[in-house]
Participant: 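The structure's right below; bear with me while I get my questions together.
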Amino acid sequence: MDYHTELHKKETKIHKGFLHAPLRILCSFLCKNLLLLLFTIIFLNIQTVSAQNRNFNVELGGYLKELGQLSLDNAISKVRYDNILHHRLESDWTLSEHLEFRADLRTRLLHGYSIEHTPGLNELYEQDPNFMDLSWVWHSGDRSVLHSSIDRLHASYINGPFEVHVGRQRLNWGRTYVWNPNDLFNAYSYLNFDYEERPGVDAISAGYSWSYASGVEVGYRAGDSFEESVIGGMLRTSLASYDVQFIGGHYLEHTVLGVGWAGYLSSAGFKGEITYFHPEDRFFEDTGHFTATAGIDYMLPSGLYLQGELLYNGGFQRQSGALQELTQPPSADNLFIARSGFFLNSSYQLHPLVSGNLGVMSSFDRSIFIFIPQLSYSVSENVDFLVLSQLLKGSILRNVTDTPNLFFFRLKWSY
């Protein structure tokens, strides 16, 4: 299963007409050099600036991860190995009382079977699916690729209940755990577990909150044309014991309306999202479709945590590349490789330093079974070790890869 080459193909296709636009090239050039300038200030002049401006502050963090992947066939006669050395640098800048800035850089050295057997991989990583091209390849060889991307780069103005964000950011409108039809800006693949921060998008967003659970938010994701952009609004409020949100707007070639909620059924958590997508091209001739998901979670007295989630994928379109659809960010109106889906998961703290999970992703209408056991161990305060497997079963996945049994080993040091 090639997570590294398929991850952004769909979004890249959406924006391919804009890859060489002069405005995009100019914005990309300015942003890359702006980030370089900012990190230069950190190391050369941060103490001087801090002394002159009491509101100025920079916080740095990040992590270094080593991820190994073994891919096996069912007979264990084929063994393939891939490796990713991943460094992430995060920076939060407080520039004044109301102005903040964030810039995050992720750099990965990929090595192994997938790199060697994927022609043109360096060109894929050179292409950024967003409005600005903030990705580049430092090195490309027969078995390795060194790649960097800026996935957060935005300025924020925050004044009490009012805030505005401009630049590459994460706009998260989802409520449920695995599938998010309300998340018009940042839908992601659950199976891409190694990208905890999730991709960002080039957008402008603004929000105003008049209470803890009530407020309004609007967002615009830039695109080459109106059909390639996203414009949305969300109203959040409380109804009885539930936090409820209502969304509406324009999603690529659709007009959308939706609702999401989070609350409790007795002592169990209950969340859900429903979104209606209606095609704009033939608005009065064509009919739209619903995509909906609902999830429940419950903690047993023994400490065993249980989760379940159901999906109705009204925008499902049968395609030949089932594996590709699983590993790349989905569109909000087509979230899975089947019309229905369900996810079950259990987790338990085996020891203060050890936790285990066992999950399964499947469908009611197609033969798809993905088993996801994992075990994590806290080596120290800032070092964690993870062992995770993704076992792909069922007739739909049987013929799309000859090594359907994936085993991951990850060591992560955070700072």
Participant: With respect to D183, which candidate in R175, R170, R198 satisfies the salt bridge (charged side-chain N to carboxylate O under 4.0 Å, His left out) definition?
Facilitator: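 Of the listed options, the one satisfying the test is R170.
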Participant: If you take all heavy atoms of N159 and H98, which pair is closest and at what distance?
Facilitator: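 That closest heavy-atom pairing would be OD1-CE1, 3.4 Å.
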Participant: Report yes if some heavy atom in the side chain of S209 is under 4.5 Å from a heavy atom in the side chain of R236; otherwise report no.
Facilitator: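 S209 vs R236: side chains touch.
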Participant: Are more than 12 heavy atoms from other residues, nucleotides or ligands located less than 6.0 Å from atom CG of L265?
Facilitator: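 Yes, CG of L265 has more than 12 neighbouring heavy atoms, counting only those of other groups under 6.0 Å.
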Participant: So E100 and I158, do their side chains get closer than 4.5 Å, heavy atoms only?
Facilitator: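 Of all side-chain heavy-atom pairs linking E100 with I158, at least one is under 4.5 Å.
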Participant: Classify the ring geometry of H254 against F277: parallel below 30°, tilted from 30° to 60°, perpendicular beyond 60°.
Facilitator: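 Because their plane-to-plane angle is over 60°, the rings of H254 and F277 count as perpendicular.
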Participant: Are F316 and H289 an aromatic pair, judged by ring center distance below 6.0 Å?
Facilitator: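 Distance test on ring centres: not under 6.0 Å, no.
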Participant: For the residue pair Y208 and F162, categorise the inter-ring angle as parallel (less than 30°), tilted (30 to 60°) or perpendicular (more than 60°).
Facilitator: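 If you compare the ring of Y208 with that of F162, the planes turn out tilted.
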Participant: Can you find a heavy atom in the side chain of Y415 that is under 4.5 Å from one in the side chain of L64?
Facilitator: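 No. Closest side-chain heavy atoms not under 4.5 Å.
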Participant: Checking F336 now: which residues fulfil ring-ring contact (aromatic ring centres under 6.0 Å, His included) with it, not counting sequence neighbours?
Facilitator: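 Listed in chain order: W179.
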Participant: In Å, rounded to the nearest 0.5 Å, how long is the span from CD of Q169 to CZ of F185?
Facilitator: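 Rounded to the nearest 0.5 Å, the CD-CZ separation comes to 9.0 Å.
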Participant: Is there a donor-acceptor contact under 3.5 Å from the side chain of S367 to the main chain of I396?
Facilitator: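 Not a single qualifying donor-acceptor pair exists.
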Participant: Counting N and O atoms only, with roles assigned by atom type, does the side chain of H111 sit under 3.5 Å from a partner on the main chain of R143, one being a donor and the other an acceptor?
Facilitator: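 Confirmed, H111 side chain pairs with R143 backbone.
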Participant: Within the structure provided, determine whether F407 and L391 are in side-chain contact (heavy-atom separation under 4.5 Å).
Facilitator: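 F407 vs L391: side chains touch.
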Participant: At what distance, to the nearest 0.5 angstrom, does OH of Y242 lie from OH of Y264?
Facilitator: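 Here the rounded value is 10.5 Å.
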Participant: Minimum heavy-atom separation for S346 and L304, please, with both atom names.
Facilitator: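 Closest approach of S346 to L304, heavy atoms only: CB-CD1, 4.2 Å.
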Participant: Taking the six-membered ring for Trp, are Y188 and Y195 closer than 6.0 Å centroid to centroid?
Facilitator: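 Between Y195 and Y188, which both carry aromatic rings, the centre distance is not below 6.0 Å.
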Participant: Can you confirm whether the side chains of S149 and D151 place a donor and an acceptor under 3.5 Å from each other?
Facilitator: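 The answer is no; no qualifying pair exists.
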Participant: Ignoring hydrogens and geometry, is there a side-chain-to-backbone donor-acceptor pair from S389 to L406 under 3.5 Å?
Facilitator: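 Such a contact is found between S389 side chain and L406 backbone.
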Participant: Decide whether S376 and Q374 meet the rule of one side-chain donor and one side-chain acceptor closer than 3.5 Å.
Facilitator: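 No, Q374 and S376 have no side-chain donor paired with an acceptor closer than 3.5 Å.
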Participant: What closest approach, in Å, do I115 and G141 show between heavy atoms, and which atom pair accounts for it?
Facilitator: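 Residues I115 and G141, closest heavy atoms: CG2-O, 4.5 Å.
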Participant: Looking only at heavy atoms, what is the nearest atom pair of G68 and N83, with distance?
Facilitator: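 It is CA-OD1, 4.0 Å.
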Participant: Show the numbers, then the answer: is there a side chain to side chain contact (heavy atoms under 4.5 Å, CB included) between R339 and Y312?
Facilitator: CA-CA 6 Å; R339 190 166 297 277; Y312 172 70; 3.9 Å; yes
Participant: Which of parallel (below 30°), tilted (30 to 60°) and perpendicular (above 60°) describes F270 and W261?
Facilitator: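 Geometry flag for W261 against F270: tilted rings.
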Participant: Mark yes or no for whether Q349, through its side chain, and G303, through its backbone, hold a donor-acceptor pair below 3.5 Å.
Facilitator: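 Pair absent, no side-chain N/O of Q349 close to backbone of G303.
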Participant: With no hydrogens and no angle check, do the side chains of N334 and Q317 hold a donor and an acceptor under 3.5 Å apart?
Facilitator: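 Absent: no donor and acceptor within the cut-off.
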Participant: Does a side-chain heavy-atom distance below 4.5 Å link L134 with D128?
Facilitator: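 Yes, close enough: below the 4.5 Å cut-off.
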Participant: Is there side-chain contact between S229 and H250, with at least one heavy-atom pair below 4.5 Å?
Facilitator: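 Contact flag for S229/H250 side chains = yes.
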Participant: If you define the side chain from C-beta out and look only at heavy atoms, does anything of W173 sit under 4.5 Å from N180?
Facilitator: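 No; the side chains remain at least 4.5 Å from each other.
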Participant: Quick one: does any side-chain atom of N405 pair with a main-chain N or O of L72 as donor and acceptor, under 3.5 Å?
Facilitator: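 Checked: pair present.
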Participant: Does one side chain, of T293 or E309, offer a donor that lies under 3.5 Å from an acceptor on the other?
Facilitator: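 There is such a pair (donor and acceptor under 3.5 Å, judged by atom type) between the side chains of T293 and E309.
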Participant: Could you tell me whether the side chain of L358 reaches within less than 4.5 Å of the side chain of Y348, counting heavy atoms only?
Facilitator: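 When only atoms from C-beta onward are counted, L358 and Y348 do not touch, as no gap falls below 4.5 Å.
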Participant: Only one of V387, I84, L388, L386 forms a side-chain contact (heavy atoms from CB on, under 4.5 Å) with R410, so which one is it?
Facilitator: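 Going through V387, I84, L388, L386 one by one, the side-chain contact (heavy atoms from CB on, under 4.5 Å) with R410 is satisfied by L386 alone.
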Participant: For atom OH of Y212, is the number of surrounding heavy atoms from other residues, nucleotides or ligands below 6.0 Å larger than 12?
Facilitator: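 Not buried by this count: 12 neighbours or fewer within 6.0 Å.
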Participant: With sequence neighbours excluded, what pairs up with F290 under the ring-ring contact (aromatic ring centres under 6.0 Å, His included) test?
Facilitator: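 Per chain and number, F290 pairs via ring-ring contact (aromatic ring centres under 6.0 Å, His included) with Y276.
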Participant: Look at the side chain of D73 and the backbone N and O of K78, then say whether any donor-acceptor pair between them is shorter than 3.5 Å.
Facilitator: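 Judged by distance alone, yes, a pair lies under 3.5 Å.
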Participant: Would you name the heavy atoms of R168 and I150 that are closest together and state the gap between them?
Facilitator: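 Closest approach of R168 to I150, heavy atoms only: NH1-O, 2.9 Å.
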Participant: So, T275 versus N182: side-chain donor-acceptor pair below 3.5 Å or not?
Facilitator: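 N182 and T275 do have a side-chain donor-acceptor pair below 3.5 Å.
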Participant: Any side-chain to backbone donor/acceptor pair from S156 onto F101? Under 3.5 Å, distance only.
Facilitator: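 Looks like no, no N/O pair under 3.5 Å.
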Participant: Quick one, I372 with L191, criterion side chain to side chain contact (heavy atoms under 4.5 Å, CB included). Give me CA distance, side-chain angles, the key distance, then yes/no.
Facilitator: CA-CA 9 Å; I372 315 171; L191 296 180; 3.8 Å; yes
Participant: Using a 6.0 Å cut-off, check whether atom CD of E66 has over 12 heavy atoms from anything other than its own residue.
Facilitator: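 Counting neighbours around CD of E66, more than 12 heavy atoms of other residues, nucleotides or ligands fall under 6.0 Å, so yes.
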Participant: Considering non-hydrogen atoms only, spot the tightest contact between A103 and S91 and give its length.
Facilitator: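 Minimum heavy-atom separation between A103 and S91: O-OG, 2.7 Å.
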Participant: What's the separation between atom CD in E59 and atom CD in E90, rounded to the nearest 0.5 Å?
Facilitator: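 Spacing of CD (E59) from CD (E90) equals 11.0 Å.
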Participant: From E227 CD over to Y251 OH, what is the distance, rounded to the nearest 0.5 angstrom?
Facilitator: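 Answer rounded to 0.5 Å: 14.5 Å.
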Participant: Say you draw a straight line from OG1 of T403 to CZ of R80; how long is it, rounded to the nearest 0.5 Å?
Facilitator: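 The distance works out to 4.5 Å.
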Participant: Please list all pairs passing the ring pair (Phe, Tyr, Trp, His ring centres under 6.0 Å) test where one or both residues lie in residues 352-403, with sequence neighbours left out.
Facilitator: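 Listed by first then second residue: F342-F364.
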Participant: Between N57 and T94, does any side-chain donor sit less than 3.5 Å from a side-chain acceptor?
Facilitator: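 No, because no side-chain N or O of N57 sits under 3.5 Å from a partner of the opposite role on T94.
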Participant: Of R152, R106, R88, which is the lone residue that meets salt bridge (charged side-chain N to carboxylate O under 4.0 Å, His left out) with E197?
Facilitator: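 That would be R88; it is the only one of R152, R106, R88 passing the salt bridge (charged side-chain N to carboxylate O under 4.0 Å, His left out) with E197.
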Participant: Output, in order, the C-alpha distance, side-chain angles, deciding distance and verdict of side chain to side chain contact (heavy atoms under 4.5 Å, CB included) for L397 and I370.
Facilitator: CA-CA 9 Å; L397 300 175; I370 304 174; 4.0 Å; yes
Participant: With rounding to the nearest 0.5 Å, note down the distance linking OG in S214 to CD in Q245.
Facilitator: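 The OG atom of S214 sits 12.0 Å away from the CD atom of Q245.
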Participant: Hey, is NZ on K271 packed in by over 12 heavy atoms from elsewhere, all under 6.0 Å?
Facilitator: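 Count not over threshold, so no.
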Participant: Can a donor-acceptor pair be found between the side chains of N74 and K393 at a distance below 3.5 Å?
Facilitator: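 Per modelled atom types, N74 and K393 side chains form a pair under 3.5 Å.
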Participant: One pair to check against side chain to side chain contact (heavy atoms under 4.5 Å, CB included): Y125 and L110. What are the steps and the verdict?
Facilitator: CA-CA 11 Å; Y125 280 109; L110 302 92; 3.5 Å; yes
